[in-house]
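Values in this document were obtained by computation on a predicted structure and should not be read as measured data.
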Amino acid sequence: MLKIRNIHISRHKSILSGINLDLKPGQILGLVGPSGAGKSTLLKIIAGLLDADLGAVKLGKEQIAGPKNLLIPGHPEIQLVNQDFELDLFHTVRENIVLKANYLPKIECNELVDELLELFELAQLTEQVAKTLSGGEQQRLALARALAMEPKVILLDEPFAHVDAHLKSRISNYLMALKKIRKTIFILVTHDGQEVLNLADKIAFFSEGKIQRIDFPEAFYFAPKDAYEGLFFGDLNQIKRHKKQILFRPTEFSSDLSHEGEEIEVKFIRKSFCGPYYQNFFKVGKKETIVLYHKEPLDYVQKIKITKRIS
């Protein structure tokens, strides 16, 4: 169990205020919010790389010490991967991973290193010195190094920032396997909530140094607290009816008017092909515009019913 209790930190102004979290083994938490909200600072405190002004972080029964109390900051069972990467720049790609996996017997170490090189598409770069890698390659190497240590907790700060879509899918599947087999705890920080909808068991929405809400991914997507929060998780329609704002996702509608729900008149503007679906843009009233997702163009639709998944 990872417990974060009443974390506060200030630098001329409050950065984090009253942060409390509980994570069980094998749980993935998505930490979502705008840039500059304090998310990265929280990860450094959890990893023992930064001292909080108040509060504590515990892994099991052990309290995680900050740099004030350690000659070498950090904890071996908590690994942070952020945009600094912290690679051994004058070692090769393979040596960088071996250095983190050398607690294993030689055969098992080499097997794990080979597995990670393949997973992160670094196998063709094994003898290349780390300082010569691109930013994206360095990020993948940093991720591989963290996983090589097989820690109890892995903290990932914008882990998919420089990763292609197909590689993101492979890495996501690997993280899910670690969650299931090794019961690894993950905290994934991102300003794009869509990145963690399919990974996180729960999501914490972070703003102005505070956790504003903790809930399931489905609840954040289909029942956002407000438009500001909701837009972090994808396209969101906003219309006013009877002086009340209605928020709904592009899939929360029906052209079958026998369904229950708010009925609105729409005027087709244009369509945009997105592979498995079309984005269909409509005018509502004089000023409002909405987008509806469907497997085909909806240029024939003049009225819809809003069908909320979660009320």
Side-chain angles (χ1 to χ4, degrees), residues 1-7 19-33 39-40 42-49 55-65 74-82 97 100-101 103-104 108-109 111-113 115-116 118-120 139-140 142-161 163 167-190 192-206 211 213-221 233:
M1 174 78 79
L2 179 67
K3 294 184 178 181
I4 295 129
R5 288 289 177 271
N6 199 33
I7 296 294
I19 305 298
N20 292 283
L21 289 168
D22 288 320
L23 284 93
K24 299 176 181 178
Q27 188 173 9
I28 298 178
L29 175 74
L31 196 58
V32 178
K39 304 184 300 297
S40 299
L42 178 59
L43 291 194
K44 290 180 181 178
I45 291 172
I46 295 171
L49 302 175
V57 177
K58 287 188 175 182
L59 182 58
K61 295 182 179 180
E62 180 186 1
Q63 183 163 325
I64 304 303
H75 191 286
E77 293 293 353
I78 303 177
Q79 291 299 307
L80 168 63
V81 180
N82 57 21
I97 303 175
K100 298 297 183 180
Y103 61 91
L104 293 169
E108 285 87 344
C109 175
E111 288 176 349
L112 177 58
V113 171
E115 179 182 329
L116 292 170
E118 183 67 26
L119 171 67
F120 290 98
Q139 182 185 36
R140 281 147 47 196
L143 283 166
R145 278 163 54 97
L147 295 180
M149 296 185 71
E150 299 184 344
K152 292 180 180 178
V153 180
I154 297 180
L155 311 172
L156 302 175
D157 194 352
E158 302 287 355
F160 305 118
V163 174
L167 186 53
K168 175 186 172 183
S169 177
R170 290 178 61 187
I171 295 171
S172 297
N173 290 336
Y174 195 84
L175 299 186
M176 295 296 283
L178 290 181
K179 164 192 166 176
K180 183 177 180 180
I181 297 168
R182 295 186 194 156
K183 302 298 180 184
T184 307
I185 294 172
F186 291 94
I187 300 180
L188 278 64
V189 161
T190 180
D192 181 358
Q194 288 183 290
E195 289 190 338
V196 294
L197 284 174
N198 67 330
L199 280 172
D201 298 295
K202 281 196 171 182
I203 291 172
F205 185 71
F206 208 82
I211 294 175
R213 177 185 178 191
I214 299 176
D215 216 324
F216 295 103
E218 294 87 348
F220 272 105
Y221 188 76
F233 299 92

Check: Residues two or more places apart in sequence or in another chain: which of them pass side chain to side chain donor-acceptor pair (under 3.5 Å) with N82?
Finding: none

Next item on the list: Sequence neighbours left out, what passes side chain to side chain contact (heavy atoms under 4.5 Å, CB included) with K61? Give chain and number order.
Entry: none

Item checked: Side-chain touch E62/H75, heavy atoms, less than 4.5 angstrom -> yes

Next item on the list: Can you tell me which residue pairs pass the salt bridge (charged side-chain N to carboxylate O under 4.0 Å, His left out) test with a partner in residues 171-182, sequence neighbours excluded?
Entry: E150-R182, K179-D201

Next item on the list: State which residues pass ring-ring contact (aromatic ring centres under 6.0 Å, His included) with F233; sequence neighbours excluded, sorted by chain then number.
Entry: F220

Margin query: If the condition is salt bridge (charged side-chain N to carboxylate O under 4.0 Å, His left out), which residues does R140 pass it with, not counting sequence neighbours?
Written below: none

Margin query: Could you work out, with salt bridge (charged side-chain N to carboxylate O under 4.0 Å, His left out) as the rule, every residue matching R5, not counting sequence neighbours?
Written below: D22

Margin query: Suppose we screen for side chain to side chain contact (heavy atoms under 4.5 Å, CB included). Which residues come up paired with K168, at least two apart in sequence or across chains?
Written below: F160, V163, S172, E195

Next item on the list: Might you point out which heavy atoms bring I214 and A204 nearest each other, and give the distance in Å?
Entry: CG1-CB, 4.0 Å

Notebook entry, point to check: Would you find more than 12 non-hydrogen atoms of other residues, nucleotides or ligands less than 6.0 Å from F216 atom CZ?
Noted result: no

Notebook entry, point to check: salt bridge (charged side-chain N to carboxylate O under 4.0 Å, His left out) with D215: which residues, sequence neighbours excluded?
Noted result: R213

Next item on the list: Output all residues satisfying side chain to side chain donor-acceptor pair (under 3.5 Å) with Q63, sequence neighbours left out; order by chain, then residue number.
Entry: none

Notebook entry, point to check: Can you name the residues that form a side chain to side chain contact (heavy atoms under 4.5 Å, CB included) with E108, not counting sequence neighbours?
Noted result: L104, P105

Check: How many angstroms lie between CG in L156 and CG in L31, if you round to the nearest 0.5 Å?
Finding: 11.5 Å

Margin query: Under the rule for ring-ring contact (aromatic ring centres under 6.0 Å, His included), what residues qualify as partners of F206, not counting sequence neighbours?
Written below: none

Note to self: Applying side chain to side chain contact (heavy atoms under 4.5 Å, CB included), can you list everything that pairs with A101, at least two apart in sequence or on another chain?
What the structure shows: C109, L112, V113, A148

Check: What closest approach, in Å, do I46 and I78 show between heavy atoms, and which atom pair accounts for it?
Finding: O-CD1, 3.5 Å

